[in-house]
Participant: 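Structure provided below as structure tokens; questions to follow.
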Amino acid sequence: PKNLDEFVGQESILANNSLLRNAILDDKVGNIIFSGPPGVGKTTLIEIISSNTRSALVKLNAVLSSIKELRNEISNAKERLISTNRKTILFIDEVHRFTAVQQDALLPSIENGTITFIGATTENPFFAVNKALISRARVFSLLPLSENDLQKIIEKVINYYACLQDSKTIKITQEAITHLTKFSGGDARNLINALEFGISITKENKDKLIVIDLQIAEDSIQKKNIVYDKSGSILLVC
């Protein structure tokens with residue numbers, strides 16, 4: 001997705017006239033932490049913010065980026081603001097891995113407005129992220145995608161292949177759709193990877209169709225761990 005209209009899911013924080021949606025569209029995004037499990041749209045939202053802002057967007061990973069790299073980007077942000085009056089959005093992935101040294105380098109630039117800070121974490125930020133960062137940012141929680149959301153993503157994948165120069169016509173059975181949406185665990189990335197794998201290994205039939213049936217769907221996606229209670233009811237899919 002390139003814009004919010006193409007984004008699937010997270011209506012609780014991205015509904016029409018919601019605070020976050022209006023902030024993105026009006027280029028008024030402040031300091032934010034996106035919290036949620038993998039594959040629910042955190043990184044995609046960063047890309048959409050990038051396409052809707054005049055600010056420069058710089059991406060760093062809390063684990064892979066050194067303190068020297070962080071300080072260099074802060075220095076670049078200062079120079080950019082002075083020379084071009086252009087602000088900088090600094091996106092920190094896996095922000096729960098921030099060290100005390102990284103935090104000390106970042107906080108003054110957040111406080112004086114040199115950068116706008118956006119973090120992403122798969123952990124509960126109120127337990128895993130430094131309180132100093134939490135106090136300076138608005139936390140938005142992203143939820144696992146619903147089966148309805150995942151079905152929309154399946155349609156997008158099929159349309160994507162149909163529009164390629166070397167197009168493929170794909171038919172997917174309802175049983176396959178149900179299996180993929182059930183066992184992807186609300187994770188769009190997991191779903192897309194499984195569906196693309198199924199498409200890549202399935203040959204066209206005599207009608208030039210790639211048919212994704214239940215057997216292919218089961219082969220394409222690894223079933224999630226299912227925890228049952230004593231009565232046999234599902235307690236957790238993880």
Side-chain angles (χ1 to χ4, degrees), residues 1 4 7-15 18-53 55-67 69-71 73-74 77 87-146 149 184-190 224-225 227 236-238:
L4 289 176
F7 188 87
V8 176
Q10 310 308 331
E11 287 85 359
S12 61
I13 60 174
L14 289 171
S18 65
L19 183 150
L20 180 58
R21 187 183 191 91
N22 288 341
I24 293 172
L25 295 177
D26 296 340
D27 192 12
K28 294 181 179 179
V29 173
N31 300 313
I32 290 173
I33 294 175
F34 289 128
S35 170
V40 297
K42 298 186 295 297
T43 304
T44 300
L45 275 178
I46 299 301
E47 298 297 335
I48 293 174
I49 289 171
S50 176
S51 67
N52 279 274
T53 183
S55 301
L57 179 67
V58 177
K59 302 177 185 177
L60 296 177
N61 185 289
V63 176
L64 303 177
S65 300
S66 66
I67 186 63
E69 186 177 1
L70 177 60
R71 285 172 174 158
E73 292 299 346
I74 292 172
K87 296 181 179 180
T88 300
I89 295 175
L90 183 61
F91 170 57
I92 307 292
D93 199 10
E94 297 190 78
V95 67
H96 57 279
R97 301 288 187 89
F98 240 19
T99 66
V101 175
Q102 287 172 311
Q103 177 183 249
D104 290 342
L106 182 61
L107 288 178
S109 299
I110 295 176
E111 291 173 344
N112 62 30
T114 300
I115 63 169
T116 298
F117 161 72
I118 299 180
T121 177
T122 55
E123 304 292 329
N124 184 331
F126 295 101
F127 293 103
V129 178
N130 293 302
K131 290 182 173 59
L133 284 178
I134 289 288
S135 67
R136 291 163 175 80
R138 175 75 182 266
V139 176
F140 289 97
S141 296
L142 282 70
L143 304 174
L145 300 182
S146 68
D149 293 332
S184 61
D187 182 333
R189 190 180 299 113
N190 191 22
K224 298 291 183 177
N225 294 323
V227 179
L236 177 66
V237 178
C238 58

Participant: Got a donor-acceptor contact below 3.5 angstrom from the Gln103 side chain to the Phe98 backbone?
Facilitator: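 Pair absent, no side-chain N/O of Gln103 close to backbone of Phe98.
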Participant: Set out, in order, the CA-CA distance, both residues' side-chain angles and the distance that settles side chain to side chain contact (heavy atoms under 4.5 Å, CB included) for Thr99 and Asp104, then state yes or no.
Facilitator: CA-CA 9 Å; Thr99 66; Asp104 290 342; over 6 Å; no
Participant: Using 30° and 60° as the class limits, which term best fits the ring planes of Phe140 and Phe34: parallel, tilted or perpendicular?
Facilitator: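 Phe140 vs Phe34 ring planes: tilted.
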Participant: Could you grab the distance from atom CG of Leu14 to atom CG of Leu25, nearest 0.5 Å is fine?
Facilitator: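 Here the rounded value is 9.5 Å.
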Participant: Any chance you could lay out the side chain to side chain contact (heavy atoms under 4.5 Å, CB included) test for Leu143 and Val40, step after step, and finish with the verdict?
Facilitator: CA-CA 7 Å; Leu143 304 174; Val40 297; over 6 Å; no
Participant: Start with the C-alpha gap between Thr116 and Thr53, add the side-chain angles, then the distance that decides, and say whether side chain to side chain contact (heavy atoms under 4.5 Å, CB included) holds.
Facilitator: CA-CA 12 Å; Thr116 298; Thr53 183; over 6 Å; no
Participant: How about Ser184 and Asp187: does a side-chain donor come under 3.5 Å of a side-chain acceptor?
Facilitator: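 There is no such pair between these side chains.
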Participant: Below 4.5 Å, heavy atoms only, C-beta onward: do Asp93 and Val63 meet side chain to side chain?
Facilitator: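 With C-beta onward as the side chain, the pair stays apart.
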Participant: Between Val139, Ile46, Leu45, Leu20, which is the residue that forms a side chain to side chain contact (heavy atoms under 4.5 Å, CB included) with Ile32?
Facilitator: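 Per the side chain to side chain contact (heavy atoms under 4.5 Å, CB included) rule, the option paired with Ile32 is Leu20, out of Val139, Ile46, Leu45, Leu20.
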Participant: For a quick test of reading the model, state the closest non-hydrogen atom pair linking Gly9 to Leu145 and the distance between them.
Facilitator: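 That would be CA-CD2, 4.1 Å.
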Participant: So Pro1 and Thr44, do their side chains get closer than 4.5 Å, heavy atoms only?
Facilitator: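 The answer is yes; the side chains approach within 4.5 Å.
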Participant: I need the Glu69 CD to Gln102 CD distance, nearest 0.5 Å.
Facilitator: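 Answer rounded to 0.5 Å: 10.0 Å.
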Participant: Is atom CZ of Arg136 surrounded by more than 12 heavy atoms (other residues, nucleotides or ligands) closer than 6.0 Å?
Facilitator: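 Correct, the count exceeds 12.
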Participant: Quick one: does Asn124's side chain get under 4.5 Å of Ser35's, heavy atoms only?
Facilitator: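 Asn124 does not reach Ser35 side chain to side chain.
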Participant: Are the side chain of Lys42 and the backbone of Ile33 linked by a donor-acceptor contact shorter than 3.5 Å?
Facilitator: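 Absent.
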Participant: So do Leu90 and Leu106 actually touch side chain to side chain, heavy atoms under 4.5 Å?
Facilitator: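 In contact.
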Participant: Would you name the heavy atoms of Ala62 and Ile92 that are closest together and state the gap between them?
Facilitator: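 Heavy-atom minimum between the residues: CB-CG2, 3.9 Å.
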Participant: Distance from Ile24 atom CD1 to Ile48 atom CD1, nearest 0.5 Å?
Facilitator: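 It is 7.0 Å, given to the nearest 0.5 Å.
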Participant: Taking atom CG of Asp149 and atom CD of Glu11, what is their separation to the nearest 0.5 Å?
Facilitator: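 Here the rounded value is 5.5 Å.
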Participant: How long is the span from the CG atom in Asn31 to the CD atom in Glu111, to the nearest 0.5 Å?
Facilitator: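 Here the interatomic distance stands at 10.0 Å.
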Participant: Test side chain to side chain contact (heavy atoms under 4.5 Å, CB included) on Ile110 and Ile115; report intermediate values, then the result.
Facilitator: CA-CA 6 Å; Ile110 295 176; Ile115 63 169; 4.1 Å; yes
Participant: Between Thr121 and Val95, is there a donor-acceptor pair closer than 3.5 Å when you use the side chain of the first and the backbone of the second?
Facilitator: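 Checking the backbone N and O of Val95 against the side chain of Thr121, no donor-acceptor pair under 3.5 Å is found.
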Participant: Under a 3.5 Å distance rule, please check whether Asn112 uses its side chain to pair with a backbone N or O of Thr114 as donor and acceptor.
Facilitator: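 Confirmed, Asn112 side chain pairs with Thr114 backbone.
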Participant: Tell me whether Ser141 contacts the main-chain N or O of Gly36 through its side chain, where contact means a donor paired with an acceptor under 3.5 Å.
Facilitator: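 It does not hold such a pair.
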Participant: Are any of the side-chain heavy atoms of Thr122 and Glu94 separated by less than 4.5 Å?
Facilitator: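 No; the side chains remain at least 4.5 Å from each other.
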Participant: Between atom OG of Ser109 and atom CZ of Arg71, what is the distance when rounded to the nearest 0.5 Å?
Facilitator: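 Rounded to the nearest 0.5 Å, the OG-CZ separation comes out at 10.5 Å.
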